[in-house]
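Here the structure comes first, spelled out in structure tokens, and everything after it is commentary.
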Amino acid sequence: MDSISLSPTNSLAFIQEYPGDQIGPVDQLLLLGDRVSGSFVLSWSMNILAGHGAYIILYHGSDFPSADPAAVLWFQPYASDTVTCYAAGTTFNHRYPTNNTWFTVSLGFDLDNQLATFLVNGELVGTWDLATMPSGEGSSNMLSAIRFTASSGTWFGGNGAYYIDDVLFQEGTVGISELEAARPFTIAPNPSAGETRFSLPAPLQKGELGIHETSGRLVWQAA
């Protein structure tokens, strides 16, 4: 419950209260159903506060914390604002938006072909064999859970402080690009006491803009 949100009225806040701890006091585990076949897309909007980081873990099992990890997403504020994905014995790196800007993280899963895909704002970061752990060791080809931690991982000096909004878990053959198309624009900064910029990746037809106050009440709307 926080005024920093992409969609009215609230978002999920993950704030590290104890510097140096790997685990924060408000970690959340999102269960994905122990999937062993089919195609899925997990997507969310994310806002990492300036000078802070985030640490997110994907799991092969739901009996946390003993389940095998499938991948680790590490958003590092003091490494040129780079997100590193540790998966299948390798690392994938990509820049992510800063200055308290909302951006989209997407994970695609093709369990029938043991394939996982990671994108930031629709840009491909990497693909890997899902039936592995970050170390490269083999594991079950199962999609079970994702853990949003309140810490910034093991990075010294950059506590975790980020917000999650608009979490979507799509089952079926829908592609990641189709899911991204459902997010027509980004807003920055949000919230704002002055100028706010709306950015669209492509022209929008028959669109409608509504502005809400922090309570959720609609205060302005226009085509």
Side-chain angles (χ1 to χ4, degrees), residues 14 22-23 27-46 48 53-97 103-155 158 160 162 164 167-180:
F14 297 88
Q22 175 75 14
I23 300 173
D27 292 10
Q28 294 292 330
L29 193 69
L30 174 62
L31 299 178
L32 303 174
D34 292 338
R35 315 285 181 167
V36 294
S37 64
S39 298
F40 305 88
V41 177
L42 174 64
S43 182
W44 65 86
S45 295
M46 191 171 186
I48 302 178
Y55 197 73
I56 299 171
I57 309 170
L58 184 71
Y59 285 99
H60 284 299
S62 55
D63 57 337
F64 172 80
S66 61
D68 288 343
V72 173
L73 310 181
W74 187 16
F75 296 84
Q76 308 169 61
Y78 297 110
S80 300
D81 303 314
T82 297
V83 55
T84 298
C85 174
Y86 297 91
T90 189
T91 58
F92 306 99
N93 296 292
H94 197 276
R95 298 291 297 274
Y96 65 90
F103 60 95
T104 303
V105 174
S106 303
L107 292 167
F109 307 99
D110 180 353
L111 290 164
D112 297 324
N113 293 296
Q114 297 186 186
L115 183 67
T117 306
F118 174 39
L119 296 94
V120 171
N121 270 350
E123 296 182 2
L124 179 65
V125 180
T127 61
W128 68 93
D129 183 349
L130 181 60
T132 59
M133 293 188 288
S135 64
E137 297 180 51
S139 185
S140 59
N141 183 45
M142 180 181 290
L143 175 63
S144 296
I146 191 165
R147 175 184 168 209
F148 297 98
T149 79
S151 78
S152 61
T154 57
W155 191 264
Y162 64 98
I164 298 291
V167 179
L168 299 175
F169 186 51
Q170 180 79 39
E171 181 178 2
T173 58
V174 62
I176 291 180
S177 60
E178 293 173 293
L179 186 62
E180 289 297 325

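On a predicted model such as this, the values are computed, not experimentally measured, just so you know.
Minimum interatomic distance between Phe169 and Leu32 (heavy atoms only, all atoms of both residues): CE2-O, 3.7 Å. When all heavy atoms are compared, the tightest approach of Leu42 to Val167 is CD1-CG1, 4.2 Å. Considering every non-hydrogen atom in both Asn141 and Leu111, the closest pair reads ND2-O, 2.7 Å. Contact between Leu31 and Ala145 at its shortest, heavy atoms only, is CD2-CB, 4.1 Å. Taking every heavy atom of both residues into account, Gly61 and Ala67 meet most closely at O-CB, 3.3 Å.
Remark: Ser39 OG to Leu115 CG distance equals 9.5 Å, nearest 0.5 Å. Atom CH2 of Trp74 is separated from atom SG of Cys85 by 13.0 Å, given to the nearest 0.5 angstrom. Note that CG of Asn93 is 6.0 Å distant from OG1 of Thr82, once rounded to the nearest 0.5 Å. Atom-to-atom distance recorded for Arg147:CZ and Ile56:CD1 is 11.0 Å, nearest 0.5 angstrom. Separating the OG atom in Ser62 from the CE atom in Met142 is a distance of 7.5 Å, to the nearest 0.5 Å. Between the CG atom of Leu58 and the CZ atom of Phe109 there is a distance of 4.5 Å, given to the nearest 0.5 Å.
The aromatic rings of Phe75 and Phe103 lie tilted to each other, with the angle between the two planes from 30° to 60°. Using cut-offs of 30° and 60° on the angle between ring planes, the pair Phe14 and Tyr162 is parallel.
For the residue pair Thr149 and Asp27, no side-chain donor N or O sits within less than 3.5 Å of a side-chain acceptor on the partner. Using modelled atom types, one finds a donor on one side chain and an acceptor on the other under 3.5 Å when comparing Gln76 with Thr84. For the residue pair Asp112 / Ser37, no side-chain donor-acceptor distance below 3.5 Å is found, with atom types taken as modelled.
Residues Leu73 and Tyr96 form no side-chain contact, since every pair of their non-hydrogen atoms from C-beta on lies 4.5 Å or further apart. Counting only heavy atoms from C-beta outward, the side chains of Ser45 and Thr104 approach each other to under 4.5 Å.
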Please assess Val105 against Val83 for the test side chain to side chain contact (heavy atoms under 4.5 Å, CB included), listing each intermediate value before the final yes or no. CA-CA 11 Å; Val105 174; Val83 55; over 6 Å; no

Pairs under 3.5 angstrom only: tabulate donor-acceptor contacts from the side chains of residues 126-133 to other protein residues two or more places apart or in another chain.
residue	atom	partner	partner atom	Å
Asp129	OD1	Gln114	NE2	3.1
Asp129	OD1	Ala131	N	3.0
Thr132	OG1	Asp129	O	2.7

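Under the ring pair (Phe, Tyr, Trp, His ring centres under 6.0 Å) criterion, Tyr59 pairs with Phe64, not counting sequence neighbours.
Side-chain atoms of His60 do not come within 3.5 Å of backbone N or O of Asp68 as any donor-acceptor pair.
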